[in-house]
Amino acid sequence: YASKISAFFNNGVEDQTKAKIFQFFNILFFFTHLLDLFFEAYADDFVNLGYSLVTAYVAILIFETLSYLNRLKFGNKKVSNNDKVSYEDNYNTRINNIIIFVLLFILSVISVLKIWHMESSLQQTGFIGIILAFLAFTSNYWLPNIISGLTLMNSNHIAKGDIIKFDDNVYSVFDIGFFYTHLLDIRHNSRVLVENAILSKKEITNMSKKAGLQGY
């Protein structure tokens with residue numbers, strides 16, 4: 001059902017990345033049950049691991065559900081040629097999604113601490129410190145891409161479906177994600193992923209938007 005779930009939250013189109021995430025959790029659940037059967041001495045640890053996986057799985061489902069409702073409420077409404085209505089992300093929905101993600105992440109961390117009975121301040125500080133250290137070491141990658149993606153959407157310079165040109169090539173904007181912008185290479189009939197931080201530094205010509213100057 002992973003493909004159906006991802007398609008439901010993505011305007012009826014299967015998102016292979018999200019489908020693989022759900023499938024990955026299903027496989028982890030299966031192996032956790034197997035390990036619990038063969039290694040009874042560590043049964044408590046495997047039970048805690050199972051509850052932790054359930055916490056992460058439920059958090060992802062809640063995030064996808066709230067993101068979907070957020071897109072319906074604040075997203076851009078588009079009607080295709082066959083009168084099919086879809087809702088796409090914009091600057092406001094991205095900001096809301098970030099807030100939702102942070103809140104769910106904090107709640108998930110608190111739940112995992114409770115599941116593993118990390119009651120002492122030293123244990124909690126150590127666990128949270130590891131997470132913060134990981135985020136700090138990887139911030140050079142994810143933070144510039146998120147900021148650049150939000151900047152691109154807020155400037156309204158490019159949007160999903162626009163035909164743009166840079167580096168002497170023409171692309172159709174398929175989607176603007178948190179980290180990557182998905183482009184369709186029209187000339188070579190292929191899909192291209194460009195980091196938002198890199199794309200924001202390009203000199204982009206949007207062929208779908210007119211200058212809007214009277215007399216020209």
Side-chain angles (χ1 to χ4, degrees), residues 1-2 5-6 8-10 15-37 39-75 89-151 153 175-180 195-197:
Y1 295 97
I5 293 175
S6 65
F8 176 79
F9 292 118
N10 196 41
D15 189 320
Q16 294 184 357
T17 302
K18 293 179 182 178
K20 289 180 179 179
I21 292 175
F22 288 119
Q23 291 170 356
F24 176 71
F25 273 98
N26 293 333
I27 294 172
L28 285 180
F29 288 141
F30 176 74
F31 277 107
T32 302
H33 282 295
L34 285 181
L35 293 173
D36 187 29
L37 293 175
F39 300 95
E40 295 182 0
Y42 302 96
D44 291 339
D45 293 332
F46 289 126
V47 169
N48 291 339
L49 178 60
Y51 281 129
S52 300
L53 291 174
V54 169
T55 300
Y57 193 88
V58 171
I60 293 174
L61 280 178
I62 293 175
F63 176 78
E64 290 296 330
T65 303
L66 294 179
S67 298
Y68 174 72
L69 296 175
N70 176 41
R71 193 162 55 247
L72 291 181
K73 181 67 175 179
F74 302 104
D89 282 312
N90 53 31
Y91 178 79
N92 294 325
T93 60
R94 291 297 190 194
I95 291 292
N96 293 338
N97 284 342
I98 291 175
I99 296 174
I100 293 170
F101 175 82
V102 171
L103 292 177
L104 287 175
F105 181 78
I106 293 174
L107 291 175
S108 298
V109 170
I110 294 174
S111 299
V112 170
L113 290 174
K114 295 294 183 180
I115 290 171
W116 288 92
H117 306 291
M118 295 183 184
E119 304 294 342
S120 68
S121 300
L122 182 61
Q123 290 175 323
Q124 294 178 359
T125 303
F127 182 77
I128 295 174
I130 292 173
I131 296 176
L132 293 178
F134 173 78
L135 293 175
F137 281 120
T138 59
S139 62
N140 289 335
Y141 166 73
W142 56 266
L143 187 58
N145 284 317
I146 291 178
I147 294 176
S148 298
L150 291 174
T151 302
M153 300 186 80
D175 189 28
I176 302 177
F178 277 113
F179 306 107
Y180 293 94
E195 291 186 16
N196 293 331

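Side chains included, hydrogens not; waters and symmetry mates left out as well; all remaining heavy atoms used.
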Asks: Atom CZ in Arg94, atom OG in Ser67: separation rounded to 0.5 Å?
Replies: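 Arg94 CZ to Ser67 OG: 9.0 Å, rounded to 0.5 Å.
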Asks: Asn70 and side chain to side chain donor-acceptor pair (under 3.5 Å): which partner among Thr93, Asn97, Asp89?
Replies: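 When Thr93, Asn97, Asp89 are each tested with Asn70, the side chain to side chain donor-acceptor pair (under 3.5 Å) holds only for Asn97.
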Asks: Assess whether atom OH of Tyr51 is packed by more than 12 heavy atoms of other residues, nucleotides or ligands within 6.0 Å.
Replies: no
Asks: Let me confirm one number: the NE2-CZ distance from His33 to Phe30, rounded to the nearest 0.5 Å.
Replies: 9.5 Å
Asks: Less than 4.5 Å apart, side chain to side chain, heavy atoms only: is that true for Phe22 and Ile60?
Replies: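 Yes, side chains in contact.
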Asks: Is there a side-chain contact between Phe39 and Asp45 (heavy atoms, below 4.5 Å)?
Replies: no
Asks: State, yes or no, whether a side-chain contact exists between Asn145 and Tyr180 at a heavy-atom distance under 4.5 Å.
Replies: no
Asks: Quick check for you: to the nearest 0.5 Å, what is the distance between Ile110 atom CD1 and Gln124 atom CD?
Replies: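 The CD1 atom of Ile110 sits 9.0 Å away from the CD atom of Gln124.
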Asks: Is the CG atom of Leu122 crowded by more than 12 outside heavy atoms at less than 6.0 Å?
Replies: no
Asks: Might you point out which heavy atoms bring Ser148 and Ala197 nearest each other, and give the distance in Å?
Replies: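 Between these two residues, the closest heavy atoms are OG-CA, 3.4 Å.
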Asks: If you measure from CZ on Phe46 to CG on Asn48, what distance do you get to the nearest 0.5 Å?
Replies: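 Going from CZ on Phe46 over to CG on Asn48, the span is 11.0 Å.
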Asks: Which residue is it: Leu150, Ile98, Asn196? I am looking for the one with a side chain to side chain contact (heavy atoms under 4.5 Å, CB included) to Phe178.
Replies: Ile98
Asks: Is a donor on one side and an acceptor on the other found under 3.5 Å between the side chain of Asp175 and the backbone of Gly177?
Replies: no
Asks: Working to the nearest 0.5 angstrom, can you tell me the gap between Phe127 CZ and Trp116 CH2?
Replies: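 One gets 9.5 Å once the value is rounded to the nearest 0.5 Å.
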Asks: Starting at CG of Leu135, measure out to OG of Ser139 and round the result to the nearest 0.5 Å.
Replies: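 Rounded to the nearest 0.5 Å, the CG-OG separation comes to 8.5 Å.
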Asks: With under 30° as parallel and over 60° as perpendicular, where do the rings of Tyr141 and Phe179 fit, or are they tilted in between?
Replies: parallel
Asks: What is the ring orientation for Phe105 with Phe101, classed by angle as parallel under 30°, tilted 30 to 60°, or perpendicular over 60°?
Replies: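 Because their plane-to-plane angle is under 30°, the rings of Phe105 and Phe101 count as parallel.
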